[in-house]
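In what follows, chains carry the letters A, B, and so on, assigned in the order in which the sequence lines appear, proteins first and then strands, with residues in each chain numbered from 1. Quantities reported herein were computed from a predicted structural model and do not represent experimental measurements.
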Protein chains: 2
Amino acid sequence: MSTTHTDVPASLPHPVPAAEYQACPVTDVMRLLGDKWTLLLITLLGRRPYRFNELHRAVDGISQRMLTRTLRSLEVDGLVEREVFPTVPPSVEYRLSPLGVSLLEPVSALAAWAVGHHAEITRARGSTEN
Amino acid sequence: MSTTHTDVPASLPHPVPAAEYQACPVTDVMRLLGDKWTLLLITLLGRRPYRFNELHRAVDGISQRMLTRTLRSLEVDGLVEREVFPTVPPSVEYRLSPLGVSLLEPVSALAAWAVGHHAEITRARGSTEN
DNA sequence: CAGCATCCGGTCTGATACTG
DNA sequence: CAGTATCAGACCGGATGCTG
């Protein structure tokens, strides 16, 4: 069988040209959302637009570097829109794009599962006696 | 505001004791599912039980090492059950636990989104002119 | 068959310092 | 305010060789 995962060249010189990742949409999307801050930012931006430092304060724990990188990445993937206001000092606003908004629903479903079952996971980890 | 994310010690000696990750159930679950192979394995095991080498062939592209590690991790988190048959040569079967089965629904929702919107993401990436 | 041990390059993330 | 640049440590994931 093999899932759609390897309806792809299948054997490459290494390191794999990243094309492999885009082969499976699900894998690609998970690698997009699976980093440390992305979901949190999407959730926040799902409520309203935020300015850079506003996000920095809201998320707290995130470094300036990771905030920039994560937002950039979301922008490149078309999930977030970035609007610069040429004021002084500069002001930049981030908001979810329509594509980003459409992601809120499935993400909410997953979030609900996480909240509802996290205790079970923790219990399982504990009973493995760490 | 700050989301539930840092209703946690908030400042630690480093490296952070992993407790921070478990603070937000959603973040924790995403870090659980967000690696390269987990979702693919869950999807496969959602269809029927598999033996180790059967999975190895099915997923292809995955190394033996990562297959072992990913399955181990899923087992520790209580999403997958591992049954050893003391035959010779040995035989091990992996199946989704009830908790793992319950994950199929939200994951399917996300997968559906991925399939439905992957083209838009690709287009967005392209128009950023790489 | 179903692993484990070792090595290693690449990536992720944070800390810190600097800038238009 | 909203970043960029640099450095460094931890982690991810693959390759290879060995074993009960």
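Residue side chain A:R65 does not reach the base of C:dT16 through any donor-acceptor N/O pair under 3.5 Å, judged by distance alone.
For the residue pair B:P49 and B:R95, the shortest heavy atom distance occurs at CG-NH1, 3.3 Å. For the pair A:T70 and A:W37, the tightest heavy-atom approach, listed with the atom from each and the gap, is OG1-CB, 4.2 Å. Here the closest heavy-atom approach between residue B:L99 and residue A:E120 is recorded as CD1-OE1, 3.4 Å.
An OP1 or OP2 oxygen of C:dG3 is reached within less than 4.0 angstrom by a side-chain nitrogen or oxygen of B:Y94.
Rounded to whole angstrom, the span from the CH2 atom of A:W37 across to the P atom of C:dT11 amounts to 22 Å. Going from atom CD1 of A:I62 over to atom P of C:dA15 covers 11 Å, rounded to whole Å. Rounded to whole angstrom, the span from the CZ atom of A:R31 across to the P atom of D:dC11 amounts to 17 Å. What separates CE of A:M66 from C1' of D:dG3 is a distance of 15 Å, to the nearest Å. Between the CZ atom of B:R69 and the C1' atom of C:dC4 there is a distance of 12 Å, given to the nearest Å. Straight-line distance from the CG atom of B:L71 to the C1' atom of C:dG3: 11 Å, rounded to whole Å. Atom NE2 in A:H56 sits roughly 9 Å away from atom P in C:dA15 (whole-Å rounding). Note: CD (A:E83) to P (D:dA2) measures 13 Å, nearest angstrom.
The side chain of B:R82 lies closest to C:dG3 when the candidates are D:dA2, C:dG3, C:dT13. Among D:dG20, D:dG14, D:dA2, the nucleotide with an atom closest to any side-chain atom of B:P90 is D:dG20. The side chain of A:R57 lies closest to D:dC1, out of C:dC1, D:dG14, D:dC1. For B:R72, taking side-chain heavy atoms from C-beta onward, the closest of the listed nucleotides C:dG3, D:dG3, D:dA2 is C:dG3. Considering only the side chain of B:Q64, C:dA2 comes nearest among D:dG13, C:dA2, C:dT13.
A continuous path of Ile, Leu, Val, Met, Phe, Trp and Tyr side chains, each step under 4.5 Å between heavy atoms, connects A:L45 with A:V84, placing both in one hydrophobic cluster.
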### Task
Apply salt bridge (Lys or Arg N to Asp or Glu O under 4.0 Å) to B:R69 and B:D35, showing your working.
CA-CA 11 Å; B:R69 286 172 63 101; B:D35 73 283; over 6 Å; no
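At the heavy-atom level, A:F85 lies nowhere under 4.0 Å from the strands shown.
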